[in-house]
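Just so it is clear: chains get the letters A, B, ... in the order the sequence lines come, proteins before strands, and each one is counted from 1. All heavy atoms count here, side chains included; hydrogens, waters and symmetry mates do not.
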Amino acid sequence: LAKTTQPISMDSYEGQEVNITCSHNNIATNDYITWYQQFPSQGPRFIIQGYKTKVTNEVASLFIPADRKSSTLSLPRVSLSDTAVYYCLVGAPPMDTGRRALTFGSGTRLQVQP
Amino acid sequence: GAGVSQTPSNKVTEKGKYVELRCDPISGHTALYWYRQSLGQGPEFLIYFQGTGAADDSGLPNDRFFAVRPEGSVSTLKIQRTERGDSAVYLCASSPGTSGGGETQYFGPGTRLLVL
C-alpha cells in the first residue's frame, strides 16, 4: 500500500482558499487518490477522488500532477464549518487487489479562524 | 435515506468484560467494514464483510476480537476479555459492494468504548 505524507496541521481564515498537499511517492499505476473529511465525534466523510489531472465537485477540487507522486486538495473560500481533519488515501480498486479496506494516515488538522 | 447507524454511541466497561458493538449499514449495501480509531490517529482497518462472509479479517488485532454478519445486513463486533488498550472509537462503514474503482465508503458515527 502506498504511504502518504501530509502536514499535521494547518490554519486558515474564513473566506480564504486552503490547499492541502499530500505526498505519495510510491503510488502504483492502478492506485486512486481519495480524500476524506472527519469532524469531531463523527465518522470520516468522502470528499473527492481522482486518478490524474484535475477533478472538481461542489465541495472541493483535486489537483494531481502528471507524475502522480503528490496531490493537492483545494477548498475554496473556507468557513468555520470546514474545521476538521482531512485524510489523503491512496489505493487500488477492489477489482485489482481484492482488498477494499481504506488505509488512513494521521491526517491534516485544519483550523479555520473567524 | 438513513445512513449507517451504530449502537451504543458510548460504552463503558471494566477490564475483562465482554462487549458487543452493533452496526446497521445503509440498506442494500453488501460491503461492511469495521475500523478502530484511537485519539489523534486515523481509522485503522479491522475486518471487511462482503455479504455474510468475512472477506478480509487481517486487521483484527488478536483472537479476542470477532465479528459476525449473519444475514448480510446488521453486523456485530464482539470483544472478549476487554483490555484498557481496547479503548477507542469503533467505526463501521458500508458501501454498495459493486466493485469498480475506488468505491466510496459511508461511515457511521462510531461507538466510543472505554475500558476501565
How close do [X] and [Y] get, counting heavy atoms only, and between which atoms?
X: B:Thr104; Y: A:Phe46; value: CG2-CB, 3.4 Å
X: A:Tyr87; Y: B:Gln37; value: OH-NE2, 3.1 Å
X: B:Gln41; Y: A:Ser106; value: OE1-OG, 3.5 Å

Proximity breakdown for A:Tyr51 and chain B, heavy-atom pairs closer than 4.5 Å:
neither
Does [Y] offer a backbone N or O that forms a donor-acceptor pair with the side chain of [X] under 3.5 Å?
X: A:Arg45; Y: B:Tyr106; value: no
X: A:Arg109; Y: B:Gly40; value: yes
X: B:Tyr35; Y: A:Gly43; value: no

Do the side chains of [X] and [Y] join up, straight or via other hydrophobic residues, at under 4.5 Å, putting them in one cluster?
X: B:Leu77; Y: B:Leu32; result: yes
X: B:Ile47; Y: B:Val19; result: yes
X: B:Phe66; Y: B:Trp34; result: no
X: B:Tyr90; Y: B:Leu60; result: yes

Taking OH in B:Tyr18 as the centre, count heavy atoms belonging to other residues, nucleotides or ligands within less than 6.0 Å. Is the count above 12?
yes
Decide if atom CD1 of A:Ile8 counts as having more than 12 heavy atoms of other residues, nucleotides or ligands within a radius under 6.0 Å.
no
First locate atom CZ of B:Phe107, then atom OH of A:Tyr36, and finally report the distance between them rounded to the nearest 0.5 Å.
5.5 Å
What pairs of residues pass the salt bridge (charged side-chain N to carboxylate O under 4.0 Å, His left out) test when at least one of them lies in residues 21-47 of chain B, not counting sequence neighbours?
B:Arg22-B:Asp24, B:Arg36-B:Glu44
Is any side-chain heavy atom of A:Ser41 less than 4.5 Å from a side-chain heavy atom of B:Val89?
no
